[in-house]
Amino acid sequence: MSKILPYVPVDELSDGEVDVELVADIVELAAFLYPQDWALISDVFNVFEISQDEYEDTEEATIVRDQICTECSNTIEGRLKRLGDAYPFELDAGGNSARYRTESNWGQTSYITSLILSHLATVTEVLSGVELAPHASEVKFLRQWFQSHTGAGMAGHMRGHAWVFGFPRADHTGFIQKLREIWGVIQDGEVIDGGHVNAAKAANYKDDEVDVIAFKPRVDGGLGSTIYFAQVATGKNWRNKSLKIHLNDVFIPEWFAVRPVSQTEIHHIIPFALSSREDKARLTRSLGHIQYRLSLPKLIQDGYIIREDDPEVIIEGVEAFDEAAKWIEEYQADPKSKVEAAG
């Protein structure tokens with residue numbers, strides 16, 4: 001099989017400040033697609049010509065290229081240090097190339113799922129530019145798997161129970177039925193009586209923007225813990241979806257007969273690696289606590305450890321790790337033929 005490397009969006013890499021996170025993603029995808037090889041960071045720039053008009057001489061162009069390669073290597077090294085065993089790549093001793101780590105765990109499976117979701121045809125040309133983007137029929141499952149993975153991530157974050165409330169739910173429960181099931185454990189506040197809810201109305205809202213609910217009981221069993229609510233956004237418009245106002249002004253008043261006394265904490269979960277250009281402080285103010293590809297896999301691996309240590313902890317969605325891992329293995333084996341077959 002001849003090598004098909006990820007597409008390098010030259011315009012994005014040559015227009016002003018280079019997005020090093022994007023360069024790192026491209027190197028990771030090259031390493032993932034060919035796990036038997038080391039992916040040279042410098043290969044990203046073999047298709048990327050820096051014109052003589054931009055620089056006084058080729059020596060200056062080489063300096064710029066080497067600087068970007070160094071920044072990319074540092075970025076990958078930083079990801080490895082941040083995520084540890086949940087990061088599925090490694091650098092060679094000189095920091096010149098990356099390789100896919102063939103062992104797999106929950107965190108690594110989530111990372112690869114997130115990496116591919118970050119480069120769907122509707123988001124970037126990195127995969128679609130060489131016809132390697134997953135087909136629409138597979139994207140549906142990738143989004144569902146990622147949403148399911150976030151249950152373990154929230155459990156790992158607050159070291160407690162986590163329910164995947166987002167629609168479609170794996171257990172096929174109805175909206176009020178699932179909410180009442182969850183509150184049977186949380187026992188703070190009271191969900192409205194399902195018999196008094198218009199069935200069509202509840203079915204229409206499906207999850208009413210809430211995808212994950214998490215909770216850690218107090219040691220004394222009393223009221224006053226924190227209830228975590230998260231929205232999962234996998235599309236390009238993820239910045240425009242906010243749960244912060246909706247939760248307290250709509251969701252809780254609409255679906256609770258007695259409002260919980262515990263404080264709420266809102267999270268916004270995305271599969272992307274935020275670039276240095278993003279105003280992370282502003283995003284947090286508008287969306288809540290951001291969990292993304294450079295934090296979520298570590299939290300997911302922590303969730304795995306919690307579940308192994310205490311089988312009584314409720315963590316929904318764990319079956320999705322095996323399902324996603326199987327798809328990843330098949331896609332990696334021959335991505336071109338898999339995409340064509342799906343089409």
Side-chain angles (χ1 to χ4, degrees), residues 82-88 104-114 117 143-171 173 178-189 207 209-221 223-234 243 247 251 260 262-271 287-325:
R82 180 181 297 185
L83 298 176
D85 290 342
Y87 186 62
S104 180
N105 57 41
W106 282 9
Q108 291 183 17
T109 296
S110 172
Y111 191 97
I112 295 298
T113 304
S114 300
L117 281 172
R143 294 187 193 278
Q144 289 177 4
W145 291 330
F146 177 75
Q147 178 172 277
S148 295
H149 294 170
T150 63
M154 290 306 297
H157 172 70
M158 38 65 69
R159 311 190 73 77
H161 306 305
W163 297 267
V164 180
F165 187 71
F167 186 87
R169 286 176 282 278
D171 57 11
T173 52
K178 187 65 178 181
L179 199 58
R180 290 180 69 84
E181 174 194 319
I182 294 168
W183 248 257
V185 177
I186 294 178
Q187 296 186 346
D188 179 2
D207 55 33
E209 308 300 327
V210 173
D211 293 314
V212 184
I213 300 173
F215 172 75
K216 182 178 182 179
R218 286 169 56 107
V219 293
D220 62 2
L223 301 177
S225 186
T226 301
I227 305 173
Y228 300 77
F229 294 84
Q231 183 175 60
V232 178
T234 57
L243 187 59
L247 178 72
F251 185 91
S262 294
Q263 298 298 301
T264 59
E265 183 173 300
I266 296 171
H267 288 249
H268 197 77
I269 306 177
I270 58 175
L287 299 173
H289 299 280
I290 307 293
Q291 303 296 352
Y292 63 128
R293 192 175 358 119
L294 304 187
S295 65
L296 185 64
K298 177 65 169 65
L299 298 179
I300 285 173
Q301 198 56 28
D302 289 345
Y304 171 81
I305 295 170
I306 290 168
R307 186 171 180 266
E308 291 293 296
D309 290 344
D310 185 359
E312 297 298 315
V313 173
I314 300 168
I315 304 179
E316 290 190 343
V318 298
E319 66 283 344
F321 290 104
D322 286 342
E323 294 170 2

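Along the sequence shown, residues carry numbers from 1.
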List the atom of [X], the atom of [Y], and the distance in Å for their closest heavy-atom pair.
| X | Y | answer |
| --- | --- | --- |
| Met154 | Ala214 | CB-CB, 4.1 Å |
| Gln144 | Pro168 | NE2-CG, 3.6 Å |
| Gln301 | Ala86 | CB-CB, 4.3 Å |
| Thr226 | Phe215 | O-CD1, 3.7 Å |
| Thr234 | Pro271 | CA-CD, 3.9 Å |
| Phe165 | Asp207 | CE2-O, 3.4 Å |

Let me confirm one number: the [atom1]-[atom2] distance from [X] to [Y], rounded to the nearest 0.5 Å.
| X | Y | atom1 | atom2 | answer |
| --- | --- | --- | --- | --- |
| Phe167 | Asp211 | CZ | CG | 12.0 Å |
| Ile269 | Phe146 | CD1 | CZ | 6.5 Å |
| Thr150 | Leu299 | OG1 | CG | 11.0 Å |
| Glu323 | His149 | CD | NE2 | 8.0 Å |
| His157 | Glu265 | NE2 | CD | 4.5 Å |
| Thr264 | Leu247 | OG1 | CG | 5.0 Å |

Between His268 and Gly288, is there a donor-acceptor pair closer than 3.5 Å when you use the side chain of the first and the backbone of the second?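 No, because the side chain of His268 does not come within donor-acceptor range (under 3.5 Å) of the backbone of Gly288.
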Counting distance only, does the side-chain N/O of Ser225 pair as donor-acceptor with the main-chain N or O of Pro217 below 3.5 Å?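 Absent.
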List the residues meeting side chain to side chain donor-acceptor pair (under 3.5 Å) with Gln231, not counting sequence neighbours, and say none if there are none.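 Applying side chain to side chain donor-acceptor pair (under 3.5 Å) to Gln231 gives Glu209.
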Using side chain to side chain donor-acceptor pair (under 3.5 Å) as the criterion, list what pairs up with Asp171, not counting sequence neighbours.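 Partners of Asp171 by the side chain to side chain donor-acceptor pair (under 3.5 Å) criterion, ordered by chain and then number, come out as Thr173, Lys178.
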Tell me, yes or no, whether the heavy-atom count around [X] atom [atom1], taken from other residues, nucleotides or ligands under 6.0 Å, exceeds 12.
| X | atom1 | result |
| --- | --- | --- |
| Tyr304 | OH | no |
| Arg143 | CZ | yes |
| Arg293 | CZ | yes |
| Gln263 | CD | no |

Can you tell me how the ring of Phe321 sits relative to the ring of Trp106, calling it parallel under 30°, perpendicular over 60° and tilted otherwise?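 Judged by the thresholds at 30° and 60°, the geometry between Phe321 and Trp106 is parallel.
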May I have the step-by-step check of side-chain contact (heavy atoms from CB on, under 4.5 Å) for Lys298 and Arg82, ending in yes or no? CA-CA 8 Å; Lys298 177 65 169 65; Arg82 180 181 297 185; over 6 Å; no
Note, Trp163 side chain near Val210 side chain (heavy atom, < 4.5 Å):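 A side-chain contact is absent here, since even the closest heavy-atom pair is not under 4.5 Å.
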Donor on one side chain, acceptor on other, Gln291 and His289, under 3.5 Å: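 On atom types as modelled, these side chains do not qualify, holding no pair under 3.5 Å.
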Just do the side-chain contact (heavy atoms from CB on, under 4.5 Å) check on Ile227 and Trp183 with the steps written out, would you? CA-CA 11 Å; Ile227 305 173; Trp183 248 257; 3.9 Å; yes
List the steps and the verdict of side-chain contact (heavy atoms from CB on, under 4.5 Å) for Ile213 and Leu179. CA-CA 9 Å; Ile213 300 173; Leu179 199 58; 4.1 Å; yes
Between Leu117 and Trp145, does the side-chain contact (heavy atoms from CB on, under 4.5 Å) criterion hold? Intermediate values first, please. CA-CA 11 Å; Leu117 281 172; Trp145 291 330; over 6 Å; no
